[in-house]
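Position 1 is the first residue of the sequence; numbering continues from there.
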Amino acid sequence: MHTTSPQRFIVAACVAVLVGGCSPKFDWRDYRNLGIPYTVLFPAKPATQSRNINLGDDKVSMHMAAAEIDGVTFAVGSAELPDATRAQMAIATMKNTMVKNINGTVTAEAAAADGRRTVTSIEAKGSRNGEPMVLYGRFVAKDKWVYQAIVAGREKHVNKEAVDTFLTSFKTE
């Protein structure tokens, strides 16, 4: 049996949809920032930049790595402070700043400490330009280093499985 031209088009269209459906939205890749002691899986190749910021009473160089998928940002910020005590205090400032960026409020929070390391995990909801926003974050102080690993974006575009993959892959060394 010989297929007609419209049938071939339909078969070709179905194959294209199936092949396109198999291509991953998230292209997870291991990331290490040389000289900064952490690793994480990013869902795409991250862009990087460093800039000086005020973090509480300290002026520090904040190193950022970030990738965006469908308007959702996956990012890690890190900075070295003068001492471990200041690093502990800085994570609250980092958390509050990120929540303020989405005009949000924290809806869930958990904290843990194990001597040299303090971790605060949050979920926050807010809005930007009338659009519901969500922020998932992990804020870590370890020795003199502070880190923020966050996923933020329009609530309807945030994939919870991707959030879990990103945040659970984040490890300080």
Spell out, as yes or no, whether a donor-acceptor pair under 3.5 Å connects the side chain of [X] to the backbone of [Y].
{"X": "Asn159", "Y": "Glu161", "result": "yes"}
{"X": "Arg154", "Y": "Asp70", "result": "no"}
{"X": "Thr107", "Y": "Glu123", "result": "yes"}
{"X": "Lys171", "Y": "Thr168", "result": "yes"}
{"X": "Asn103", "Y": "Ser127", "result": "yes"}

Salt bridge between Lys142 and Glu173, side-chain N to carboxylate O under 4.0 Å? no

Have a look at Val146 and tell me which of Thr118, Leu55, Val140 forms a side chain to side chain contact (heavy atoms under 4.5 Å, CB included) with it. Leu55

Could you state the interatomic distance from CE (Met133) to NE2 (His157), rounded to the nearest 0.5 Å? 10.5 Å

Looking at Lys160, I want to see if its NZ is surrounded by more than 12 non-hydrogen atoms of other residues, nucleotides or ligands under 6.0 Å. yes

Write down the atom of Ser61, the atom of Ala79, and the distance for their closest heavy-atom approach. O-CB, 3.6 Å

Joint cluster assignment, [X] & [Y], ILVMFWY side-chain distance < 4.5 Å:
{"X": "Val99", "Y": "Ile91", "result": "yes"}
{"X": "Tyr31", "Y": "Leu41", "result": "yes"}
{"X": "Trp145", "Y": "Val76", "result": "yes"}

Suppose we call two aromatic rings close when their centres sit under 6.0 Å apart. Are Tyr147 and Phe139 close by that rule? no

